[in-house]
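Report on one structure; see the data block that follows.
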Protein chains: 2
Amino acid sequence: MAKVDTSLVAHLPLFAGVTPEALDEILREARSARYPRNSAIFEQGADAQSFFLLLHGHVRAAKTTPTGEQIVVRYVAPGETFGLAMAIGAVQYPATAIAVDDSVVLIWPTSAWPRLVERFPSLAANTLQTVGTRLQESHTRILEMSTQQVEQRVAHALLRLAKQSGRKLDHGIEIDFPISRQDIAQMTGTTLHTVSRILSGWESQGLVESGRQRIILREPHRIVVLAERSADSGAA
Amino acid sequence: MAKVDTSLVAHLPLFAGVTPEALDEILREARSARYPRNSAIFEQGADAQSFFLLLHGHVRAAKTTPTGEQIVVRYVAPGETFGLAMAIGAVQYPATAIAVDDSVVLIWPTSAWPRLVERFPSLAANTLQTVGTRLQESHTRILEMSTQQVEQRVAHALLRLAKQSGRKLDHGIEIDFPISRQDIAQMTGTTLHTVSRILSGWESQGLVESGRQRIILREPHRIVVLAERSADSGAA
DNA sequence: TCTGGTGTTTGCGTTAGCGCAAAACGGAAC
DNA sequence: GTTCCGTTTTGCGCTAACGCAAACACCAGA
C-alpha cells in the first residue's frame, strides 16, 4: 500500500480542523490509484463501494437519463472529493465519473465512513459544508437555465471552468483539460451544434480561440459582459 | 417561551439517533413562531440569524436574479428544515422564504448550531443526509430541464407536489396549499402562460381540475404517462 | 351590490434554438 | 505519407415556446 504524503492534502477543506495525527490515521484507510484518460472511475447505478479524493487530473461527473441523454453534473478539480454517495445515504452512485485526463485519486471504502465520522466529527461538518456549497451552485445553475439564454449560459460555464481549472497564458486563459463542444452543451442544457455556432461567433470576434477539445479565453472581460447582459444588443 | 412537545418532532429524520433527553435539550434552544399566509420568513441576502423547522403549513423558498426574475427552489413541507445557511457556511440567506399558508415554525439562532453539533454529532450527519438528498433532487431537476420539454416537466412537478403535499380525495389528489400558474412556471423554467395552456389542455381531457391557486389531479396515472413519454404521440 | 385587484385564459405573431444532414477538419496509428 | 475516426463546422427548415395584449373569472372588501 503506497504511503500518501500528508502535507499534500493537509490544507484541503475536507481536513480543516483535523490534527496531523488524525490525518495520518485517516489516510491509512485510503489507497491511491491512477486512472488513465477517458477511463471510468465508477458508473451510475453501481454499488457505491468507495468514495474519492482527486489528487491530480480532472474528472467529469455525468448523469444519464433512461433514454440515454447525458448532462455533466460537474467537473472535479484536484483537491475535491467525489463519489460521496454514502453521505446522502445512497447505496448506488447517482452519476458516472470519468477521468478526462490522466488522474490520481485517493480511495476510501464506503464502509470506513461511519467510523471515520465518529472518530473525527469535523469530517462530517466539513463535508456538510462542501455538499451545501454544491447545492447552492446547483440552484444557481437552475436559475440560469430558467432565466438566461443559451449564449449567456455558455459564457458563464466557460468563465467558471476558467476560474476552476484555467491555466493563465500571456494573453488569455486556457482551460487545462480536454473538453468538447458536446461537454459544454451538456453543462448548459443545449446542443453541441448551438455551442459550436456560439464559439465560432466568438472566435470571429477574437473573444476566444479554440480547437479540438481545447478552448482559450482571449478576452475574459468581454465574455463577462456577454454573461451578464439581459437580452439586448446584437453585433455591430 | 412556549414549550414544544418533543413527541411531535422526535420521529423526524433530523433527530434520528438523538435520545429523548438530548432532544429536550435541543428544543430548549428553540422558540416557535407563527407566520400568516403570504408573509416573509426571511429575505434573500439578509443575515442568516436563524435556521428553521417547519411544524405546520407550507413554505416556498425562492431565488431572485439581479434583474428580478424568480425561480422556486422548493416547497417546504411540515417536518422539513429550511434556512440552513450556516450549514454551508453562508452568512446570508441565498433565497427568500415565504409562508404560502398559515405556518408554524421552530426557530434556532444560527449561533447555536456549532454548539449543538458538537454536543450531538448525529445532527450534522442527519443534516448532511438531508442536504445530500436535496442536492440529488437538484441534479434531477437540472437533468429534466436539459432533456425534457415543458409539458413533461410540469407533469413531473405536479406529481412531486402531489406526493409531497397531496391530500387524497375520493377521486384524485389535491395539492393542499395555494399554488398559482406562476409558481409552477417558476418551478419548471417556463412562463405562466405556457403552464396555463397546458393545464387547460389537461382539464379538457379530464386529467386535472383546477382553479384559482388550486389544482386537483384527477388522473394521476395518466399524468405519469405524460411525464415519462419521450417526445411523440399527440392527442387522439 | 358594486368595485378593485389578482389570478387565469386565450389569440396571435415572432424567434431562439433544435434537429437533420453533409462536409470539412485534425490527430493518432500504422 | 496515408488512412481512419471522432470532432467540429455550417446550412436549412421547423416548431415549441415565448412575449405581448386583451378579455375574463373570482374573491374580498366597501
Side-chain angles (χ1 to χ4, degrees), chain A residues 36-38 67-71 98 100 144-155 157 175 177-205 208-216 226 229-235, chain B residues 36-38 60 67-71 98 100 144-155 175 177-205 208-216 226 229-235:
Chain A
R37 184 173 163 182
N38 289 328
T67 56
E69 289 118 323
Q70 275 202 345
I71 61 153
I98 308 276
V100 293
E144 285 180 6
M145 291 190 61
S146 299
T147 63
Q148 303 182 332
Q149 17 201 83
V150 173
E151 186 173 24
Q152 298 171 63
R153 303 206 300 266
V154 172
I175 292 165
F177 57 84
I179 184 166
S180 69
R181 307 287 182 270
Q182 173 78 60
D183 293 325
I184 295 168
Q186 290 177 346
M187 297 179 71
T188 52
T190 181
T191 64
L192 79 161
H193 305 278
T194 298
V195 172
S196 179
R197 282 180 242 272
I198 288 171
L199 288 184
S200 295
W202 289 357
E203 188 136 21
S204 68
Q205 294 170 56
V208 303
E209 194 182 318
S210 76
R212 199 187 175 75
Q213 315 219 78
R214 194 179 55 83
I215 299 176
I216 300 171
L226 287 184
R229 78 155 162 223
S230 47
D232 39 314
S233 57
Chain B
R37 183 172 163 182
N38 288 330
R60 179 181 62 232
T67 55
E69 291 118 321
Q70 275 202 345
I71 61 152
I98 307 275
V100 294
E144 286 180 5
M145 289 190 62
S146 299
T147 62
Q148 303 183 333
Q149 16 202 82
V150 174
E151 186 173 23
Q152 298 170 63
R153 302 205 301 264
V154 172
I175 292 166
F177 58 84
I179 185 165
S180 69
R181 307 288 183 268
Q182 174 77 59
D183 293 325
I184 295 168
Q186 291 177 347
M187 297 180 71
T188 52
T190 183
T191 64
L192 80 160
H193 304 278
T194 298
V195 172
S196 180
R197 282 179 241 271
I198 288 171
L199 289 185
S200 294
W202 289 356
E203 186 136 23
S204 69
Q205 294 171 56
V208 302
E209 193 181 320
S210 75
R212 200 187 176 76
Q213 316 218 76
R214 195 178 53 83
I215 300 175
I216 300 171
L226 287 184
R229 78 154 160 221
S230 47
D232 40 314
S233 55

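Below, read A as the first sequence line, B as the second, and so on, with proteins coming before strands; counting in each chain starts at 1.
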Nucleotide [N], atom [atom2] - distance to [atom1] of [X] in whole Å:
{"X": "A:Met145", "N": "D:dA17", "atom1": "CE", "atom2": "P", "answer": "13 Å"}
{"X": "A:Gln148", "N": "C:dG17", "atom1": "CD", "atom2": "C1'", "answer": "16 Å"}
{"X": "A:Ile198", "N": "C:dA16", "atom1": "CD1", "atom2": "P", "answer": "12 Å"}
{"X": "A:Glu209", "N": "D:dT8", "atom1": "CD", "atom2": "P", "answer": "15 Å"}
{"X": "A:Leu192", "N": "D:dT7", "atom1": "CG", "atom2": "P", "answer": "10 Å"}
{"X": "B:Glu203", "N": "C:dT10", "atom1": "CD", "atom2": "C1'", "answer": "14 Å"}
{"X": "A:Gln213", "N": "C:dC25", "atom1": "CD", "atom2": "P", "answer": "19 Å"}
{"X": "B:Gln182", "N": "C:dT9", "atom1": "CD", "atom2": "P", "answer": "13 Å"}

Check every strand shown and say whether A:Ser196 touches a base, only sugar-phosphate, or nothing at a heavy-atom separation below 4.0 Å.
-> base
Using only side-chain N and O atoms of A:Thr194, determine if any of them is under 4.0 Å from OP1 or OP2 of C:dA16.
-> no
Is there a side-chain polar atom (N or O) of A:Arg212 under 4.0 Å from OP1 or OP2 of C:dG26?
-> no
Tell me yes or no: between the side chains of [X] and [Y], is some donor less than 3.5 Å from an acceptor?
{"X": "A:Thr191", "Y": "A:Arg181", "answer": "no"}
{"X": "A:Glu151", "Y": "A:Trp202", "answer": "yes"}
{"X": "B:Thr67", "Y": "B:Glu69", "answer": "yes"}
{"X": "B:Ser146", "Y": "A:Gln186", "answer": "no"}

B:Thr190 has a side chain; which of D:dA17, C:dG7, D:dT8 sits nearest to it?
-> D:dA17
Picking from D:dT8, C:dT9, D:dC18, the nucleotide nearest the side-chain atoms of B:Ser210 would be C:dT9
Check the interface with nucleotides 19-23 of chain C: list each N/O to N/O pair with the protein under 3.5 Å, or write none.
{"unit_1": "C:dG19", "atom_1": "O6", "unit_2": "A:Arg197", "atom_2": "NH2", "d": "3.0"}
{"unit_1": "C:dA21", "atom_1": "N6", "unit_2": "A:His193", "atom_2": "ND1", "d": "3.4"}

The answer to which of A:Arg214 and A:Arg153 contacts DNA chain C further toward the 5' end, by nearest nucleotide, is A:Arg153
Minimal non-hydrogen separation, B:Ile179 against B:Ile175, with atom names | CG2-CG2, 4.3 Å
What closest approach, in Å, do A:Gly189 and A:Met145 show between heavy atoms, and which atom pair accounts for it?
-> CA-CE, 4.2 Å
If I take atom [atom1] from residue [X] and atom [atom2] from residue [Y], how far apart are they, to the nearest 0.5 angstrom?
{"X": "B:Gln149", "Y": "B:Thr190", "atom1": "CD", "atom2": "OG1", "result": "11.5 Å"}
{"X": "A:Thr188", "Y": "A:Ile71", "atom1": "OG1", "atom2": "CD1", "result": "11.0 Å"}
{"X": "B:Ile198", "Y": "B:Arg153", "atom1": "CD1", "atom2": "CZ", "result": "9.0 Å"}

How is the base pairing of DNA chain D summarised as a dot-bracket string, given the Watson-Crick and G-U wobble criteria with both distances under 3.5 Å, [ ] for crossing and | for another strand?
-> ||||||||||||||||||||||||||||||
